[in-house]
Amino acid sequence: MTALHPQPDAVLKTEYQKSVASYWNNNPNDDRVNTKLGEVDGLYHHHYGIGEPDLSVLEGPEETRQERIVKELHRLETAQADALLDQLGDIRPGDRLMDGGSGRGGTSFMANQRFGCQVDGVTISEYQVGFANEQARERGVSDKVRFHFKNMLDTGFESGSKRGIWTNETTMYVDLFELFAEFSRLLEPGGRYVCITGCSNDVFGARSASVSWIDAHYGCNIHPRSQYFKALAENNLVPVAVTDLTPATIPYWELRTRSDLATGVEKPFLTSYKEGSFQYLMITADKVVR
């Protein structure tokens, strides 16, 4: 196997990682929301949306209503990725970026298109690596955007080789202290990390029923908000901006309840967001050298 595709045992270190990878490798069509929205323009995301939806999509001919809703949901998820990329700062064509948990590659392609730089996506799903690299070839950017079968906790990339790193709704699958230690190693001094994530509200103490339901549905481990800042501080990553995206994502979820793609997870998300037990955060942090 090539360097881009090492043996699974060299990448998947725990039974949990193997189970997550197995799900994405063996059930690629189960996430029909992601695939259906990606078919709108060939940009495939693995995250949710933000912004005010155009509710006129609910009007007009009933036979095309679902198609209009899908296009609008895709516009909102692309707006979310744009908001993340806005936080990366001054990125030059000679810089290198990394997408931690890159999925089918949507945000990586957007980053390359915006900045003209090299982007490395890493994911523990061999299926996603193959899909995303094929997308790169079709887009004619395979010399600039590459996807690797790697564990973002231990990438093997050279220390200090990245100007920027982001994670978009993937941190709930890993230990934050291990993750941020690796990201701190990879970032050059002054490099930037941007994270969009759902996190539980510490003020509530125990997880709410809705947050526990989301955890179980996705087979993840949603971290409390405070854990992010503890892990960042321990690894020389200093937050420079924290944005609560919760109000901005609620309209996305409300529109999704009107879609035939609704999966049943919409109600727990809306309940937990509105009661305050769950928050949708964007954290921007810079690497400092002590």
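- Of the N and O atoms on the side chains of Glu266 and Thr257, not one donor lies less than 3.5 Å from an acceptor on the other residue.
- For Glu158, the CD atom is loosely surrounded, since the number of other residues' heavy atoms within 6.0 Å does not exceed 12.
- Using modelled atom types and a 3.5 Å distance limit, the side chains of Arg185 and Ser159 yield a donor-acceptor pair.
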Yes or no on side chain to side chain donor-acceptor pair (under 3.5 Å) for His47 and Gln80, after CA distance, side-chain angles and deciding distance?
CA-CA 8 Å; His47 57 75; Gln80 189 259 37; 3.3 Å; yes

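- Heavy atoms from other residues, nucleotides or ligands lying under 6.0 Å from CD of Gln113 number 12 at most.
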Trace of the salt bridge (Lys or Arg N to Asp or Glu O under 4.0 Å) decision for Arg163 with Glu188
CA-CA 6 Å; Arg163 177 63 188 168; Glu188 63 183 55; 2.9 Å; yes

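- Classification of the Tyr228-Phe180 ring pair by plane angle, with boundaries at 30° and 60°, yields tilted.
- With rounding to the nearest 0.5 Å, the separation of SG in Cys195 from CD in Glu169 is 9.5 Å.
- For Arg104 and Glu134, the salt-bridge test fails: no basic side-chain N is under 4.0 Å from an acidic carboxylate O.
- Using a 4.0 Å cut-off between a side-chain N of Lys or Arg and a carboxylate O of Asp or Glu, Asp99 and Lys162 do not qualify as a salt bridge.
- By the neighbour-count criterion of 12 heavy atoms within 6.0 Å, atom CD of Glu62 is sparsely surrounded, having that number or fewer from other residues, nucleotides or ligands.
- The backbone N or O of Val174 lies less than 3.5 Å from a partner atom in the side chain of His223, making a donor-acceptor pair.
- When atom types are taken as modelled, the side chain of Ser22 and the backbone of Lys18 share no donor-acceptor pair closer than 3.5 angstrom.
- Looking only at distances, a side-chain donor or acceptor of Asn151 sits under 3.5 Å from a matching main-chain atom of Val11.
- Ile91 and Val240 fall into different hydrophobic clusters, defined by Ile, Leu, Val, Met, Phe, Trp and Tyr side-chain heavy atoms under 4.5 Å apart, directly or through other members.
- A donor-acceptor pair under 3.5 Å is absent between the side-chain atoms of Asp202 and the main chain of Pro224, judged by distance alone.
- Listed for the Arg68 side chain is a donor-acceptor partner under 3.5 Å among the backbone atoms of Pro61.
- Within the structure, salt bridge (charged side-chain N to carboxylate O under 4.0 Å, His left out) pairs that include any residue of residues 34-50 do not occur (at least two apart or interchain).
- Residue Thr107 holds its OG1 atom at 12.5 Å from CG of Asn112, rounded to the nearest 0.5 Å.
- No hydrogens or angles considered: nothing links the side chains of Ser108 and Ser102 as a donor-acceptor pair under 3.5 Å.
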Would you please test Trp253 and Phe269 for ring-ring contact (aromatic ring centres under 6.0 Å, His included) and show each step?
CA-CA 8 Å; Trp253 286 99; Phe269 268 95; 4.1 Å; yes

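- Residues Phe157 and Met98 form a side-chain contact, since some pair of their non-hydrogen atoms from C-beta on lies under 4.5 Å apart.
- Using modelled atom types, no side-chain atom of Asn235 and backbone atom of Leu232 make a donor-acceptor pair closer than 3.5 Å.
- Among Ile165, Val122, Ile124, the one residue that satisfies the side-chain contact (heavy atoms from CB on, under 4.5 Å) test with Met152 is Val122.
- Under 4.0 Å is where a charged nitrogen must lie from a carboxylate oxygen, and between Glu67 and Lys71 at least one such pair does.
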Applying side chain to side chain donor-acceptor pair (under 3.5 Å) to Thr246 and Gln279, what does each step give before you reach the verdict?
CA-CA 6 Å; Thr246 308; Gln279 294 177 303; 5.5 Å; no

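- Atom CD1 of Ile222 is separated from atom SG of Cys199 by 9.0 Å, given to the nearest 0.5 angstrom.
- Side chain of Glu182 to main chain of Thr155: a donor-acceptor pair is present (N/O by atom type, distance under 3.5 Å, no hydrogens or angles).
- Between the side chain of Ser19 and the backbone N or O of Tyr16, at least one donor-acceptor pair lies under 3.5 Å.
- Exactly one of Phe147, Phe131, Phe109 qualifies for a ring-ring contact (aromatic ring centres under 6.0 Å, His included) with Tyr44. That residue is Phe131.
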Steps toward side chain to side chain contact (heavy atoms under 4.5 Å, CB included) verdict (Val194, Leu85):
CA-CA 8 Å; Val194 183; Leu85 295 176; over 6 Å; no

